[in-house]
Q: 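Handing you a structure now.
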Amino acid sequence: MSKIDWAAFPDARGHFGPYGGRFVSETLMGALDELQKAYEQYMGDADFMAELDHDLQQFVGRPNPLYHAERLSRELGGAQVYFKREDLNHTGAHKVNNTIGQALLAKRLGKTRIIAETGAGQHGVATATVAARLGLECVIYMGEEDTRRQTPNVFRMRLLGAEVVAVKSGTRTLKDALNEAMRDWVTNVDDTFYIIGTVAGPHPYPAMVRDFQAVIGREARAQHLEMTGKLPDTLVACVGGGSNAIGLFHPFLDDESVEMIGVEAAGAGIESGRHSAPLCAGQPGVLHGNRTYLMEDEHGQIVGTHSVSAGLDYPGVGPEHAWLKDTGRARYVAVTDDQALEGFHRLTRTEGIIPALETSHAIAHVLELAPTMRPDQSIVVNLSGRGDKDLNTVAEREGITL
Amino acid sequence: MTRIEQRFARLRTEKRAALVPYVTAGDPEPAATVPLMHALVKAGADLIELGVPFSDPMADGPVIQKACERALRYGTSLRDVLDMVAEFRKTDTETPVVLMGYLNPVERMGYETFAEKAREAGLDGLLTVDLPPEECDEVAGLLENAQIAPIFLVAPTTSDERIAHVARAARGFIYYVSLKGVTGSQTLDTSVIAERLEAIRRHTDLPLGVGFGIRDAETAGRVARVADAVVVGSAIVRLAEEFDGDPAGFAHAASEVVAGMRVEMDRVRASGVEASV
Ligand SMILES: Cc1ncc(COP(=O)(O)O)c(C=O)c1O
């Protein structure tokens, strides 16, 4: 395993081992070539990078803290728990790191219209936000089911001037929003830039989104070294499409002593079949432009998923995670809706931080993991987003009307 | 010569363009599909494109999305679709059949198993919209051995360089997607199509089909003037929704549409203009 040169992935055609690639209809191939060239050019362009850094600092509020959760660590009686505070970013989640970057690319390419898919609405809000700031037309596709679960975010997007389209096809969740965004893109490919919200989709999206999110891991690594004089022992992040997780993991890939754990949504329990855990319980296939682990039936039809958190309710996962799983560099576990809710309440009451339900999955795993480790060891958890958007969902589950 | 080659060779001597209707297998119900295929041939179809239902038809508009949903009510699987092809072949050994769909059901079945079963069933071609030639290496050899033609799309956005690439990988015929968008979209400009077909012909001798946006006999006729094959999908599948629960009524209505296109396409070609192949 130590022989793998992680920086060499993906290869020129977007493959992470057998995963990734570019499985789209012919109409989009030209646009993806154009995007790949632009991305490769501008990631090495000093002016572009300076503008990106400036925006991340002045608009997003980076760097955000690596917070030592002393009370929680003491209560758990094991490893020291540190939170990378992506919830403190403008718009309240890690998603904006990526939308800032892609919107700058869209500007450079002369595109006037931005589209995006969203599940929890965090990526939609982050996209609508940068579109408003840059004066670009913005259309957000969201499964009808999710527009109901995440009404505050729908309102936020509309306030920001975006058109929110409630997608009524298929299972009416994130995967169907992605289908609809692809259909829009194929129709309006000349003037439209598609900002994908996670490390999935056709090449170069998984690599490009990773590179924009890797700021999380770069900061966390430097901060942890400065605070403790050593590297963390373990990294933990929730995995929907996998962007906050890969953003944290990627800068640590060469640090062999650092263990990485991705936490998927087990929903009502893996054995119930009602979950969103393709890495833990799925198998490789092709969907949404890349080869990766999927939740599908014996005939290759994609099956409906379930999670209490809309942002994890997706049957696929970024291809780099599929590769990290197969190579053993990262490992993946799943926690249920109920466990996630426990994590949500525990962090809120112990540290005074209300996390997103997606993030609560990572926290739930830490509640089990930390006590098995020594107090001189440490865990860095990606606190990918804040929970304001989920208050309705949590209240409803507990029989409270707001 | 393969069945597809034979069919296009015959059409060329007859100075006619191929009429290629698309129907989603299992729509509106599985038992309706084979009789429908025979009815379409009787009405004038030269080649049949049979859609494999998929849960996430990203390249399709609402009409074919709904067709997939109707077919999936009955769990119509790739295995079932290949059985339908085999059933069709029992009484029609001449009309080529091409499957059109998405990669995942084929990947799940396994490429080797698929190639073997497809050959046994008498399938002639496979068009997977989300499998560009770049990703095809693994599959190409298996299909070649089974004499299944990999059919590829060329789009309005395809560069000259890519057309050359597609032409090298393609067998059977090349499918030109006449507009940017999903299946069932509006408006066609045949002069633009003619130009693009010329550009493709510089790279290949394969017959060129045109599809997406052909909704009536008049458009089919105009396209037949410049193309070797006319593919009609949503205009037929739309009727399945109307006749849901009445497969015989659907077959009848679909046959009328196909027959009307056949007459107009042959009239246009007989009036002296023909594709430059
Ligand atoms: C706060 C938060 N965390 C995590 C996710 C999951 O996405 P990813 O796995 O790409 O980080 C989302 C998605 O909406 C989110 O809003």
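To find a chain, count down the sequence lines: A is the first, B the second, and so on, and within it residues start at 1.
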Q: Looking at every heavy atom in both B/Arg162 and A/Asp33, which two are closest together, and how far apart are they?
A: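 What the structure gives for the nearest pair is CD-OD2, 4.2 Å.
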Q: Rounded to the nearest 0.5 Å, what separates atom OG in A/Ser25 from atom CG in B/Leu131?
A: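 Rounded to the nearest 0.5 Å, the OG-CG separation comes out at 12.0 Å.
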Q: Just to be sure I understand the criterion: a residue of residues 106-119 of chain A counts if one of its heavy atoms is under 4.5 Å from a heavy atom of chain B. Which ones qualify?
A: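 Heavy-atom contacts from residues 106-119 of chain A to chain B are absent.
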Q: For residues 271-292 of chain A, which residue pairs qualify under salt bridge (Lys or Arg N to Asp or Glu O under 4.0 Å), counting only residues two or more places apart or in two chains?
A: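 Every salt bridge (Lys or Arg N to Asp or Glu O under 4.0 Å) pair that includes a residue of residues 271-292 of chain A, provided the two are not neighbours, is A/Arg291-B/Glu107.
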Q: Checking heavy atoms, do the side chain of B/Leu153, its backbone, both or neither come under 4.5 Å from chain A?
A: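 B/Leu153 touches chain A through backbone and side-chain heavy atoms alike.
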Q: Heavy atoms only, distances under 4.5 angstrom: which of A/Leu178, A/Asn188, A/Asn179, A/Val189 has the most pairs with chain B? Name it, please.
A: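 Option with the greatest count: A/Asn179.
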Q: Can you find a heavy atom in the side chain of B/Phe54 that is under 4.5 Å from one in the side chain of A/Ile302?
A: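 They are in contact (side-chain heavy atoms under 4.5 Å apart), so the answer is yes.
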Q: Just verifying a value: how many Å separate A/Met29 CE and B/Thr157 OG1, rounded to the nearest 0.5 Å?
A: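 Answer for the CE-OG1 pair, A/Met29 versus B/Thr157, is 10.0 Å.
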Q: Taking side chain as everything from C-beta outward and backbone as N, CA, C, O, which of these in B/Val166 sits under 4.5 Å from a heavy atom of chain A? Side chain, backbone, both or neither.
A: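 For B/Val166, side-chain heavy atoms alone lie under 4.5 Å from chain A.
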Q: Look at atom CZ of B/Arg79 and say whether more than 12 heavy atoms of other residues, nucleotides or ligands are closer to it than 6.0 Å.
A: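 No, because the 6.0 Å sphere around CZ of B/Arg79 holds 12 heavy atoms or fewer from other groups.
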Q: Check for a donor-acceptor pair, side chain of A/Arg13 on one end and backbone N or O of B/Glu134 on the other, with a separation under 3.5 Å.
A: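 Yes, the answer is positive, given that a donor and an acceptor are paired below the 3.5 Å cut-off.
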Q: Compare all side-chain heavy atoms of A/Arg183 with those of B/Pro57 and state whether any distance is below 4.5 angstrom.
A: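 Counting from C-beta outward, A/Arg183 and B/Pro57 do come under 4.5 Å.
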Q: With a 4.5 angstrom heavy-atom cut-off, is it the side chain or the backbone of A/Glu296 that approaches chain B, or both, or neither?
A: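 It is both, since atoms from each part get that close.
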Q: Is any side-chain heavy atom of A/Glu180 closer than 4.5 Å to a side-chain heavy atom of B/Met58?
A: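 Not touching, per the 4.5 Å side-chain cut-off.
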Q: Any side-chain heavy-atom pair from B/Leu78 and A/His299 closer than 4.5 angstrom?
A: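 B/Leu78 vs A/His299: side chains apart.
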Q: Mind checking which of residues 191-203 of chain A sit less than 4.5 Å from chain B, heavy atom to heavy atom?
A: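 Contacts with chain B: none.
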Q: Where on B/Thr158 is there a heavy atom nearer than 4.5 Å to chain A: the side chain, the backbone, both, or neither?
A: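 Contact with chain A involves both backbone and side-chain atoms of B/Thr158.
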Q: Taking atom CG of B/Asp130 and atom NE2 of A/His288, what is their separation to the nearest 0.5 Å?
A: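 If we round to the nearest 0.5 Å, B/Asp130:CG and A/His288:NE2 are 10.0 Å apart.
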Q: So, the side chain of A/Gln301 versus the backbone of B/Pro53: is there a donor-acceptor pair under 3.5 Å, distance only?
A: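 Yes: the side chain of A/Gln301 pairs with the backbone of B/Pro53.
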Q: With rounding to the nearest 0.5 Å, note down the distance linking CD in B/Gln65 to CG in A/Asp176.
A: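 It comes to 9.0 Å.
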Q: Would you compute the distance between atom CG of A/Asp297 and atom OG of B/Ser55 and round it to the nearest 0.5 angstrom?
A: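 Between A/Asp297 CG and B/Ser55 OG, I get 7.5 Å after rounding to 0.5 Å.
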Q: By number, which residues in residues 15-23 of chain A have some heavy atom less than 4.5 Å away from chain B?
A: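 Listed by number, the contacting residues are A/His15, A/Gly21, A/Arg22, A/Phe23.
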Q: Is it the case that atom CD in A/Gln283 sees more than 12 heavy atoms from other parts of the structure closer than 6.0 Å?
A: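 Atom CD in A/Gln283 is packed in, count exceeds 12.
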Q: Quick check for you: among A/Thr171, A/Asp190, A/Leu28, which has the greatest number of heavy-atom pairs under 4.5 Å with chain B?
A: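 Ranked by heavy-atom pairs under 4.5 Å with chain B, first place is A/Asp190.
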Q: Quick one: does B/Asn104's side chain have a donor or acceptor within less than 3.5 Å of a partner on A/Val286's backbone?
A: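 Judged by distance alone, yes, a pair lies under 3.5 Å.
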Q: Verify the neighbour count for atom CD of B/Glu112: are there more than 12 heavy atoms of other residues, nucleotides or ligands below 6.0 Å?
A: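 No, not enclosed.
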